[in-house]
Protein chains: 2
Amino acid sequence: MNQPGLPTAHVAGRDSGRASRAREVADSLTRAIHEHRLGPGMKLSEDEVGEIFGVSRTIVRAALQQLAHDQLVTIEPHRGAFVAQPSVREAREVFEARALLEPRTARSAALRATPEDIAILRRHIAQEHAALHAGQDGAALRLSGLFHIEIARIADQATIAEFIGQLVSRSSLVIALYWRRRNALCESHAHDALLKALADRDGALAEELMKGHLLDLLSSLDLREAPGQRRSLKEALGGP
Amino acid sequence: MNQPGLPTAHVAGRDSGRASRAREVADSLTRAIHEHRLGPGMKLSEDEVGEIFGVSRTIVRAALQQLAHDQLVTIEPHRGAFVAQPSVREAREVFEARALLEPRTARSAALRATPEDIAILRRHIAQEHAALHAGQDGAALRLSGLFHIEIARIADQATIAEFIGQLVSRSSLVIALYWRRRNALCESHAHDALLKALADRDGALAEELMKGHLLDLLSSLDLREAPGQRRSLKEALGGP
DNA sequence: GGTGCGCAGATTGTATACGATCCTGTGTCC
DNA sequence: GGACACAGGATCGTATACAATCTGCGCACC
């Protein structure tokens with residue numbers, strides 16, 4: 001009998017009395033998607049996920065519905081849940097939405113950032129570099145996303161920050177599907193420049209840098225029509 | 001331009017059978033909140049809601065979690081679900097987010113609107129006026145929100161449209177809590193002007209009108225600190 | 001008379017059971 | 001030999017059952 005899989009309550013350490021374990025499962029799955037350990041199109045069977053986390057299907061369903069709302073998974077009725085495969089169109093939309101939200105948010109962040117905020121961002125970048133050097137590509141990608149989310153948090157706009165969080169998550173899937181170039185270095189440098197602008201309280205520059213950064217990101221994708229159908233030939237034929 | 005399949009008709013609520021009943025219940029509740037038949041702070045007991053809709057608590061829970069994700073209800077662990085009561089701060093954030101998203105979206109919509117789109121919008125306004133004259137204030141408010149959502153749909157940006165949909169929903173709660181003036185007429189006129197700009201394909205004007213419209217809306221609210229605590233003195237003491 | 005405690009009812013959190021639907025593999029018929 | 005039909009298994013959708021927790025009220029005690 002294998003001990004590590006034992007689904008008892010105090011496996012998770014401390015039950016902080018917070019929200020149900022559904023949130024916990026959802027966070028784990030989200031993180032796995034961010035780190036590209038779960039790739040687009042992978043099936044998330046309720047039984048399987050439930051057994052892994054030691055919870056019942058009730059919890060898993062709640063978690064999956066939550067991820068479905070964030071559009072990280074798609075739930076096909078009577079078929080199951082799959083990690084989402086954003087179409088080329090969705091990919092464009094995600095980055096257009098980011099281009100609409102993030103530059104202004106970066107400007108606000110520059111005007112409000114405290115020294116502690118700057119320190120936090122600096123630590124993020126350091127972790128990102130470390131992960132990159134350790135060859136942990138997925139972790140680096142997730143940290144890179146967290147950098148953007150942290151900026152939204154600094155801007156002190158919880159509502160917009162939540163939207164940006166969703167968009168960053170979906171960007172991770174987009175990158176998994178459509179990434180072309182291998183040089184993630186430019187991104188790190190972009191983050192360095194952004195950090196400097198924020199530290200200097202230069203809102204206009206931060207806005208401009210963020211805009212350019214997002215455009216760079218977008219241009220590093222291969223968003224032609226064909227590759228979107230890599231695994232979705234069913235829906236390619238099913239549609240009109 | 002005329003697609004035979006007509007996939008993007010404004011079908012709302014006729015979706016029985018396809019998706020799970022949870023979506024149905026969630027839509028009903030959402031509509032009730034939009035029409036101010038459910039006010040901020042009202043408790044949504046799982047048993048009660050389930051009995052009303054003739055479904056089990058399983059379905060109700062799924063629906064409530066969905067609304068919680070849209071921040072239309074807040075779920076307090078072991079206490080239940082309540083219609084959300086946006087704080088003054090949240091109210092401001094909602095309108096700041098709208099100010100960031102909707103003007104640009106209106107501009108895009110103006111550039112893309114087809115004659116059918118204009119006709120749909122015209123019908124929306126007519127319905128809104130009719131509801132207003134019939135004294136159905138709640139229905140008029142909901143239609144007013146649908147007008148904004150329809151514009152986002154016309155702009156052909158599903159991702160942004162979904163965000164705007166969430167924000168419009170939350171705005172309904174904000175209005176329920178903080179509405180000051182009684183004259184909803186200005187809003188209708190604003191919509192008329194917007195419609196004209198869209199029909200004229202005047203993107204710049206549409207953007208400007210939308211910006212002004214949102215500012216008008218915001219200025220018609222009473223967002224001083226006091227009224228936020230109307231029912232939330234518990235959380236006033238709970239927080240710093 | 002006011003305050004604190006404890007029990008009962010109600011409500012939510014989670015698990016499990018059962019029916020419905022879909023996918024897959026096999027057998028038969030043309 | 002190929003295509004259709006059907007059965008088996010697996011998975012999902014929903015309902016119900018049980019356990020944990022909270023709220024309200026009454027009673028004892030100070």
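Bear in mind the structure is a predicted one, so any value in this text is a computation, not a measurement.
For residues 27-48 of chain B, no pair satisfies ring-ring contact (aromatic ring centres under 6.0 Å, His included), with sequence neighbours left out.
Distances shown here put every side-chain N or O of Thr58(B) at or beyond 4.0 Å from the OP1 or OP2 atom of dT14(D). At the phosphate of dG13(D), neither OP1 nor OP2 sits under 4.0 Å from any side-chain N or O atom of Arg21(B).
Glu51(B) has its CD atom 12 Å from the P atom of dT16(D), to the nearest Å. Rounded to whole Å, atom P of dC12(D) lies 16 Å from atom CD1 of Ile59(B). To the nearest angstrom, P of dA15(D) lies 14 Å from CZ of Phe53(B). One atom, NZ of Lys43(A), and another, P of dA10(D), lie 13 Å apart when rounded to the nearest Å. Rounded to a whole Å, the CD atom of Glu46(A) is 15 Å from the P atom of dT16(C). The CD-C1' distance, from Glu48(B) to dT12(C), rounds to 14 Å in whole Å. Glu24(B) places its CD atom 15 Å from the P atom of dG13(D), with the value rounded to the nearest Å. What separates CG of Asp47(B) from P of dA17(D) is a distance of 13 Å, to the nearest Å.
Annotation: the span from Asp70(A) atom CG to Leu167(A) atom CG amounts to 10.5 Å, rounded to 0.5 Å.
Side-chain N or O atoms of Ser169(B) include one that pairs as donor or acceptor with a backbone N or O of Gly165(B) at under 3.5 Å.
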Report, one pair per line, the protein and nucleotides 18-23 of chain D atoms (nitrogen or oxygen only) whose separation is under 3.5 Å.
from, atom 1, to, atom 2, distance (Å)
dT23(D), OP1, Arg79(B), NE, 3.1

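Under the 4.0 Å criterion applied to side-chain N and carboxylate O atoms, Arg31(A) and Glu35(A) are assigned as salt-bridge partners.
Enclosure of atom CZ in Arg153(A) by more than 12 non-hydrogen atoms of other residues, nucleotides or ligands within 6.0 angstrom is indicated.
A donor atom on one side chain and an acceptor atom on the other are found under 3.5 Å apart for Asp117(A) and Thr114(A).
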